[in-house]
Structures are given as structure tokens and as C-alpha cells.
Visitor: 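The structure under discussion is supplied below as C-alpha cells; questions concerning it will follow.
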Amino acid sequence: MPKKIRVGLVGYGKAGGAVANVLSGDPRFELCWIAKRSTNAGQQFHPGTDIPIIGLEQRSFADLFEHIPVDALVDFSSPKSIHLYGEEVRKRGIMLISAISAYSDEDLEYARSLSQNARVLCSPNITLGINFLIVAAKLLRKIAPFADVKILEQHFKEKPEISGTARRIADTLEIAGENITSLRLGGIVGHHEVIFGFPYQTVRLIHDSIRREAFGTGAAFALTQLAECKNGFYTFDDLLLHLIADELQNSEHNIKD
């Protein structure tokens with residue numbers, strides 16, 4: 001039986017809690033601990049498990065990595081966290097999956113610097129479906145550069161800013177941010193839609209996040225794929241395109257055979 005990947009989780013908000021649900025129930029992983037800025041009295045373990053929730057006001061990352069070692073770190077917290085654990089990732093060669101949507105250029109450059117000594121993946125949205133949508137949209141944009149393109153994103157009322165994922169889609173397709181329309185409605189976790197307008201037809205690529213556990217399945221996919229990679233900086237696109245290239249190569253061999 002393959003050895004389990006030992007994982008540390010940083011961030012325990014709504015998304016982090018959902019990721020913990022998925023990783024703690026997946027036999028491929030051992031979720032060793034969850035780190036958050038501070039812990040509430042009585043909140044010591046992830047519900048239904050013996051996975052400790054550790055406040056960073058109590059223990060440093062250096063201490064955590066030394067006494068509860070992990071093979072990989074999954075970060076759903078804030079941009080500043082990477083500067084707290086980054087040098088430990090560099091020193092120990094720990095695999096890093098970062099799902100932070102608001103990195104500055106300086107933060108991203110720092111993340112890239114860690115990839116000299118570790119496998120690092122940064123993705124503002126780590127759901128498998130949205131990243132497949134981005135790859136598909138990029139391909140259609142290349143096939144039909146003349147098409148009009150608009151992006152619609154819908155999220156829960158409390159989300160004030162334009163979705164980082166929508167901005168990433170716009171950057172990938174090389175369209176201006178003014179082509180993004182945002183709606184905030186109750187009951188929506190996350191909706192992204194890329195609309196291509198052709199003469200006499202339209203194409204809509206749609207992704208809906210139904211539950212935040214989708215972030216967990218995306219993190220699990222990234223962990224298993226990144227474990228097969230060499231040290232370096234990766235995006236979710238890189239992992240998907242590698243699989244697609246392998247599938248096309250296998251299909252070509254099957255046709256020849």
C-alpha cells in the first residue's frame with residue numbers, strides 16, 4: 001500500500017474547515033494538524049477526529065514542523081502566512097499547495113523563490129472544475145480570437161471584492177477587467193461563467209461550486225499530482241495540461257496500433 005502523504009493545513013475558516021473534512025476522510029492522506037491564527041477555548045480538535053487545531057500564538061511553524069513533521073502544507077489562510085512558514089518550507093523541502101487568491105507581486109515572487117528547494121503550487125481557486133474551465137476557455141480563445149468574451153461571477157453576499165478567479169480568467173484570456181460582471185446573492189457559494197459570442201451562436205462555459213468541499217477534492221488532486229513532480233513552481237493548469245498531454249499521447253499510440 002502506498003505511503004500516506006502527511007499534510008499540515010493552514011487556515012480554518014469556512015474553506016479550511018471543508019478542506020479538513022475531505023483530507024481527513026481520504027485514505028491517501030494523514031492530516032496531522034491544522035494551524036490557525038488563534039484558537040478558541042475548548043476548540044482543540046477537528047470535529048469527529050483527533051486532529052489537533054493549533055493556534056499560532058502558541059507554537060511557531062518551526063516548532064510544528066520539528067515535532068509533528070509533514071510532507072506537504074496546504075494553505076487556505078492569508079497572504080502573510082507564507083512569510084511565516086516559507087523558510088521552513090525552503091529548508092525542509094516541504095511540498096506547498098497555496099490557495100491564496102490575493103497575493104501581491106512580491107508575495108508571488110517569494111513563493112517562486114521557494115520552488116528552488118521545494119515543489120510549490122499556487123492557485124487562487126483550487127477546485128478541479130474551475131481549472132478545467134480555464135484550460136477549456138484558453139483553448140477556445142486561441143481557436144476563435146475574434147469572439148466577444150464576457151465573464152460573469154456570482155458569490156455570497158459577504159464577499160466584497162471581485163473574485164480572484166474571475167480576474168485570473170480575464171488575465172488568462174487577455175481581456176480587460178471591465179468585461180467582468182459581479183453579482184452578490186444569498187445562497188450562492190461560487191459561480192463562474194465565461195461567455196463567448198460568435199456570429200449566430202454563443203458558447204457558455206459554466207462552473208458552480210455547490211459545497212466548499214470542492215476545495216478539498218481540488219487540494220487532494222493537487223497533492224497527488226504534485227508528489228510526482230520535481231522541485232519547481234507550478235500552477236493548476238500545469239498539472240491538468242500534463243495529464244491531457246499524456247492522454248493525447250496514449251490516444252495517438254492506440255490509433256497507430
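Note: hydrogens, waters and symmetry copies are ignored here, and every other heavy atom, side chains too, is used.
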Visitor: What distance separates Leu114 CG from Arg119 CZ, expressed to the nearest 0.5 Å?
Guide: 14.0 Å

Visitor: How far apart are the closest heavy atoms of Pro27 and Gly25, and which atoms are they?
Guide: CD-O, 3.6 Å

Visitor: Minimum heavy-atom separation for Cys229 to Gln225, with atom names?
Guide: SG-O, 3.5 Å

Visitor: Honestly, is Arg212 close enough over Phe156, meaning NZ or CZ under 6.0 Å from the six-membered ring centre and within 45° of the axis?
Guide: yes

Visitor: Taking all heavy atoms of Ala137 and all of Phe196, pick out the closest pair and write down the distance.
Guide: O-CZ, 3.6 Å

Visitor: What I want to find out is whether Arg92 reaches Glu66 closely enough, with some N-O distance under 4.0 Å, to be called a salt bridge.
Guide: yes

Visitor: Could you walk me through whether Phe233 and Leu96 pass side-chain contact (heavy atoms from CB on, under 4.5 Å), step by step?
Guide: CA-CA 10 Å; Phe233 184 88; Leu96 172 61; over 6 Å; no

Visitor: Hydrophobic clustering (ILVMFWY, side-chain heavy atoms < 4.5 Å, transitive) - are Ile68 and Leu223 grouped together?
Guide: no

Visitor: Please determine if Lys4 and Asp26 form a salt bridge, counting it only when a charged side-chain N lies under 4.0 Å from a carboxylate O.
Guide: no

Visitor: Are Leu226 and Phe236 connected, step by step, through hydrophobic side chains (Ile, Leu, Val, Met, Phe, Trp, Tyr) whose heavy atoms are closer than 4.5 Å?
Guide: yes

Visitor: Would a 4.5 Å heavy-atom cut-off, applied to side chains only, mark Glu88 and Leu64 as touching?
Guide: no

Visitor: State whether the side chain of Arg141 and the backbone N or O of Leu173 hold a donor-acceptor pair below 3.5 Å, judged by distance alone.
Guide: yes

Visitor: When you measure from the side chain of Arg90 to the backbone of Ser113, do you find a donor-acceptor pair of N or O atoms at a distance under 3.5 Å?
Guide: yes

Visitor: Apply the test side-chain contact (heavy atoms from CB on, under 4.5 Å) to residues Leu128 and Leu240: give CA-CA distance (whole Å), side-chain angles for both, the deciding distance (0.1 Å), then the verdict.
Guide: CA-CA 9 Å; Leu128 185 57; Leu240 286 176; 3.8 Å; yes

Visitor: So, Ser163 side chain and Ala166 main chain: donor-acceptor pair closer than 3.5 Å or not?
Guide: yes

Visitor: Do the non-hydrogen side-chain atoms of Thr127 and His207 ever get within less than 4.5 Å of each other?
Guide: yes

Visitor: List for me each residue that meets side chain to side chain donor-acceptor pair (under 3.5 Å) alongside Asp71, sequence neighbours excluded, and say none if there are none.
Guide: Arg6

Visitor: Using a strict cut-off of less than 4.0 Å between a Lys/Arg side-chain nitrogen and an Asp/Glu carboxylate oxygen, indicate whether Arg37 and Glu57 qualify as a salt bridge.
Guide: no

Visitor: Supply the atom-to-atom distance Lys150 NZ to Thr181 OG1, rounded to the nearest 0.5 angstrom.
Guide: 7.0 Å

Visitor: Same cluster or not: Leu73 versus Leu31, using hydrophobic residues (I, L, V, M, F, W, Y) connected whenever any side-chain heavy atoms lie under 4.5 Å apart?
Guide: no

Visitor: Examine the side chains of Asn131 and Arg168 and answer whether a donor and an acceptor come within less than 3.5 Å of each other.
Guide: yes

Visitor: Please name the residue in the list Asp171, Thr165, Thr172 that meets the side chain to side chain contact (heavy atoms under 4.5 Å, CB included) test with Ile169.
Guide: Thr165

Visitor: Please check: side-chain N/O of Trp33 versus main-chain N/O of Ile51, any donor-acceptor pairing under 3.5 Å?
Guide: no

Visitor: So, do Leu140 and Val203 sit near enough that their side-chain heavy atoms are less than 4.5 Å apart?
Guide: yes

Visitor: Can you establish whether the number of heavy atoms outside Glu174 located under 6.0 Å from its atom CD is more than 12?
Guide: no

Visitor: Rounded to the nearest 0.5 Å, what separates atom CD1 in Ile130 from atom OG in Ser123?
Guide: 9.5 Å

Visitor: State whether the side chain of Asp75 and the backbone N or O of Gly11 hold a donor-acceptor pair below 3.5 Å, judged by distance alone.
Guide: no

Visitor: So, Ser209 and His191: side-chain donor and acceptor under 3.5 Å apart, yes or no?
Guide: no

Visitor: Tell me the closest heavy-atom pair linking Ala111 and Val120, and the distance in Å.
Guide: O-CG1, 3.9 Å

Visitor: Would you say Phe215 and Leu9 are hydrophobically clustered, going by side-chain heavy atoms of ILVMFWY under 4.5 Å?
Guide: yes

Visitor: Test: ring pair (Phe, Tyr, Trp, His ring centres under 6.0 Å). Region: residues 77-111. Which pairs qualify, not counting sequence neighbours?
Guide: Phe61-Tyr85, His83-Tyr110

Visitor: Can you see which heavy atom on Pro69 is nearest to which on Cys32, and at what distance?
Guide: O-SG, 4.2 Å

Visitor: Could you grab the distance from atom CZ of Arg59 to atom CD1 of Ile54, nearest 0.5 Å is fine?
Guide: 5.0 Å

Visitor: Let's go through Val135 and Leu241 carefully: what are the C-alpha distance in whole Å and the side-chain angles of both, what is the deciding distance for side-chain contact (heavy atoms from CB on, under 4.5 Å) to 0.1 Å, and is it a yes or a no?
Guide: CA-CA 8 Å; Val135 170; Leu241 289 171; 3.9 Å; yes

Visitor: Take Asp63 and His67, measure what side chain to side chain donor-acceptor pair (under 3.5 Å) needs, and give me the verdict at the end.
Guide: CA-CA 6 Å; Asp63 184 54; His67 293 96; 2.8 Å; yes

Visitor: Does CD1 belonging to Ile210 count more than 12 external heavy atoms closer than 6.0 Å?
Guide: no

Visitor: Side-chain contact test, heavy atoms from C-beta onward, threshold under 4.5 Å: evaluate it for Ile82 versus Ile100 and give yes or no.
Guide: no

Visitor: Find the distance between CZ (Phe29) and CD1 (Ile5) and round it off to the nearest 0.5 Å.
Guide: 5.0 Å

Visitor: Of all the heavy-atom pairs spanning Leu23 and Gly216, show the shortest one and how long it is.
Guide: CD2-O, 4.3 Å

Visitor: Between Glu153 and Arg184 (salt bridge meaning N to carboxylate O under 4.0 Å), is one present in this structure?
Guide: yes

Visitor: Please step through side-chain contact (heavy atoms from CB on, under 4.5 Å) for the pair Leu239 and Phe221, ending with a clear verdict.
Guide: CA-CA 9 Å; Leu239 303 185; Phe221 172 84; 4.3 Å; yes

Visitor: Evaluate the side-chain proximity of Val70 to Phe65: yes if any heavy-atom separation is below 4.5 Å, no if none is.
Guide: yes

Visitor: Should Ile162 and Leu133 be counted in the same cluster of Ile, Leu, Val, Met, Phe, Trp and Tyr side chains packed under 4.5 Å apart?
Guide: yes

Visitor: Using the rule given for ring-ring contact (aromatic ring centres under 6.0 Å, His included), can you reason through Tyr12 versus His46, listing the C-alpha separation, both sets of side-chain angles and the distance that settles it, and then say yes or no?
Guide: CA-CA 10 Å; Tyr12 198 58; His46 183 60; 5.8 Å; yes

Visitor: Can you confirm whether more than 12 heavy atoms, excluding those of Lys159, are under 6.0 Å from its NZ atom?
Guide: yes

Visitor: About how many Å separate CD1 of Ile180 and CD1 of Ile175, when rounded to the nearest 0.5 Å?
Guide: 7.0 Å

Visitor: Can any side-chain N or O of Thr224 pair as donor or acceptor with the backbone N or O of Ala220 at less than 3.5 Å?
Guide: yes

